[in-house]
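To start, the structure under review is shown below, and the notes come after it.
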Amino acid sequence: MRIGYPCINTSLKNPNSSTFRLKSYSEKRFNETVKNNLDHLLRILHFNKKNNIFFFRLSSDIIPFASHQICQLNWKKKFETELNEIGNFILKNNMRVSMHPDQFVILNSSNEKVVENSIKELDYHSNLLQNMNLLNDAKIQIHVGGVYGDKNASKNKFINRYTKIHECLKSRLVIENDDRSYSLKDCLDINKETGIPIVFDVFHHECLNDYEFFKDALTSFSKTWNYSSDGNPIVDYSSQSIGDRRGKHAKTLDYTHFVFYYKELERFSSEKSVDFDIMLEIKDKEYSVIRTLNLIKFGS
DNA sequence: AGTTGTCAAGCTAGT
DNA sequence: ACTAGCTTGACAACT
């Protein structure tokens with residue numbers, strides 16, 4: 001079971017800008033920023049290795065404006081060396097990475113322009129992972145999208161759009177249950193039609209579920225993964241930030257809450273011979289991962 | 001140096 | 001009607 005964190009490492013300082021405004025776009029700025037981001041990513045991966053962290057979510061901002069018209073540079077070619085080096089490091093160390101495109105990626109949107117932009121953005125994510133020569137276990141996770149007042153119609157829209165995307169992207173794309181619109185059960189309905197694997201977010205599942213037993217949820221979601229090609233089923237973990245609005249992530253690890261889920265996963269794992277990878281969506285990032293690794297190793 | 005308004009992109013629920 | 005929140009605040013202009 002690998003445990004990881006998303007996008008940012010709070011221990012390492014990034015001395016340069018990681019992105020810029022569209023207004024500030026220039027080839028020079030672009031090249032400097034991408035170079036800096038890739039160098040920094042490699043530093044994070046080294047940090048992770050040193051701390052026995054083998055799962056990490058790559059920021060979508062590594063190549064700024066990659067899917068925007070303004071970006072006409074062949075960054076895959078220009079940064080081939082860096083991309084290869086990062087990919088080799090990940091593969092050599094049996095690491096896994098994933099990505100989570102932001103909220104503007106809506107495959108089931110009723111606006112064709114939004115869909116078009118979404119596919120461009122997904123292509124960028126797919127190209128980035130592809131150019132690092134990563135395995136198909138490097139997933140791109142998105143939410144199902146909007147409801148638009150008719151969930152069934154919107155689910156079907158997702159299914160139709162998904163069937164039309166190209167195989168390379170398909171081999172990486174996965175959906176995640178969200179906390180307000182599409183529950184695990186909704187995702188399973190979509191999986192039945194498409195075969196798309198499901199990332200199971202346990203916190204979202206607390207917020208929105210269909211009263212299923214937790215064990216049944218684990219069984220059904222893990223079955224959507226073809227372990228040999230997709231890798232271990234991914235679980236997203238976070239907990240409620242106390243006193244804040246429902247769905248807001250906690251700033252630091254809720255020890256008891258995490259242990260409950262970890263033990264459930266561990267038990268399921270040994271019974272069914274399924275291994276999971278857990279993504280900790282906690283504001284203090286690698287610090288919480290290191291705490292959980294110590295907890296598992298030393299039991300305290 | 002520190003503060004603050006704004007940033008490519010969508011959608012939902014809460015106020 | 002407006003805003004917080006979302007996987008992650010951070011850039012850039014201003015004081």
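Just so we're on the same page: letters track the sequence lines, and every chain starts at 1.
A salt bridge links E80(A) and K77(A); the closest N-O separation between the charged side-chain nitrogens and carboxylate oxygens is under 4.0 Å. Between E116(A) and K113(A) there is a salt bridge, since a side-chain N of the basic residue sits under 4.0 Å from a carboxylate O of the acidic one. The pair K151(A)-D189(A) does not count as a salt bridge, with every side-chain nitrogen at least 4.0 angstrom from each carboxylate oxygen.
Going from the P atom of dC11(B) to that of dA10(C) covers 26 Å, rounded to whole Å. Taking atom P on both nucleotides, dA4(C) is separated from dC7(B) by 16 Å, rounded to a whole Å. Across the C1' atoms, dT3(C) and dT6(B) are found 15 Å apart, a figure rounded to whole Å. Look at the P atom in both dT8(C) and dA12(C): the space between them is 22 Å, to the nearest Å. For the P atom pair drawn from dT3(B) and dC6(C), the interatomic distance equals 25 Å after rounding to whole Å. The same atom, P, is picked in dA13(C) and in dA8(B); the two are 12 Å apart, to the nearest Å. Comparing the P positions of dG9(C) and dG10(B) gives a spacing of 22 Å, expressed to the nearest Å.
For H100(A) and H125(A), the distance between ring centers is not under 6.0 angstrom. When ring centroids are compared, F200(A) and H205(A) come within the 6.0 Å threshold.
A heavy-atom distance below 4.0 Å to DNA chain B is reached by none of the residues of residues 49-60 of chain A. Of all the residues in residues 65-75 of chain A, F65(A), S67(A), H68(A) reach under 4.0 Å from DNA chain B with at least one non-hydrogen atom. DNA chain B lies under 4.0 Å from at least one heavy atom of each of the following residues of residues 132-148 of chain A: G146(A), V147(A), Y148(A).
Counting to the nearest Å, the C1' atom of dT8(C) and the CD atom of E121(A) are 14 Å from each other. Rounded to whole Å, atom C1' of dG5(C) lies 13 Å from atom CD of E281(A). The nearest whole Å value for the distance from the CG atom in D236(A) to the P atom in dT7(C) is 8 Å. Atom-to-atom, CD1 of I278(A) to P of dT7(C) comes out at 17 Å; the value is rounded to the nearest Å. Atom CG of D201(A) is separated from atom P of dC6(C) by 12 Å (rounded to the nearest Å). Atom-to-atom, CD of E286(A) to P of dT8(C) comes out at 14 Å; the value is rounded to the nearest Å.
Residues V114(A), Y148(A) make up the rest of the hydrophobic cluster containing I106(A), defined by ILVMFWY side-chain heavy atoms closer than 4.5 Å, directly or through other members.
Taking the six-membered ring where tryptophan is involved, the planes of Y25(A) and F30(A) are tilted, since the angle between them lies from 30° to 60°. Note: W75(A) and Y124(A) have perpendicular aromatic rings, judged against thresholds of 30 and 60 degrees for the angle between ring planes.
Proximity of H204(A) to the phosphate of dG5(C): no side-chain N or O atom is located under 4.0 Å from OP1 or OP2.
Annotation: cation-pi geometry satisfied between K170(A) and Y162(A) (NZ/CZ under 6.0 angstrom from ring centroid, within 45° of ring axis). Cation-pi geometry between K215(A) and F268(A) is not satisfied (NZ or CZ under 6.0 Å from the ring centre, within 45° of the ring normal).
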(message) Each nucleotide in nucleotides 9-15 of chain C should get exactly one letter: B, S or -. Can you fill that in based on protein heavy atoms under 4.0 Å?
(response) SBBS---
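Heavy atoms of Q103(A) sit under 4.0 angstrom from at least one base atom.
By the salt bridge (charged side-chain N to carboxylate O under 4.0 Å, His left out) test, E286(A) pairs with no residue at all, sequence neighbours left out. N152(A) meets the side-chain contact (heavy atoms from CB on, under 4.5 Å) test with D150(A), K155(A); sequence neighbours excluded. When the side chain to side chain donor-acceptor pair (under 3.5 Å) test is applied to S171(A), the partners found at least two apart in sequence or on another chain are N136(A). When the side-chain contact (heavy atoms from CB on, under 4.5 Å) test is applied to S229(A), the partners found at least two apart in sequence or on another chain are N226(A).
Judged purely by atom type and a 3.5 angstrom limit, D275(A) uses its side chain to pair as donor or acceptor with the backbone of M1(A). At distances below 3.5 Å, not a single donor-acceptor pair connects side-chain atoms of S98(A) with backbone N or O atoms of A138(A).
Taking a heavy-atom distance under 4.0 Å as the criterion, the stretch of DNA chain B touched by chain A extends 5' to 3' from dG5(B) to dA13(B).
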(request) Represent DNA chain B in dot-bracket notation, 5' to 3'. Only Watson-Crick or G-U wobble pairs with both distances under 3.5 Å count; pseudoknot-style crossings use [ ] and interstrand partners use |. (result) |||||||..||||||
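Shortest non-hydrogen contact noted between F56(A) and Y5(A) is CD1-O, 3.2 Å. In this structure, N94(A) and F54(A) approach most closely via the heavy-atom pair O-CB, 4.2 Å.
Residue pairs that meet the salt bridge (Lys or Arg N to Asp or Glu O under 4.0 Å) test with at least one member in residues 86-98 of chain A, sequence neighbours left out, are R96(A)-D137(A), R96(A)-D277(A).
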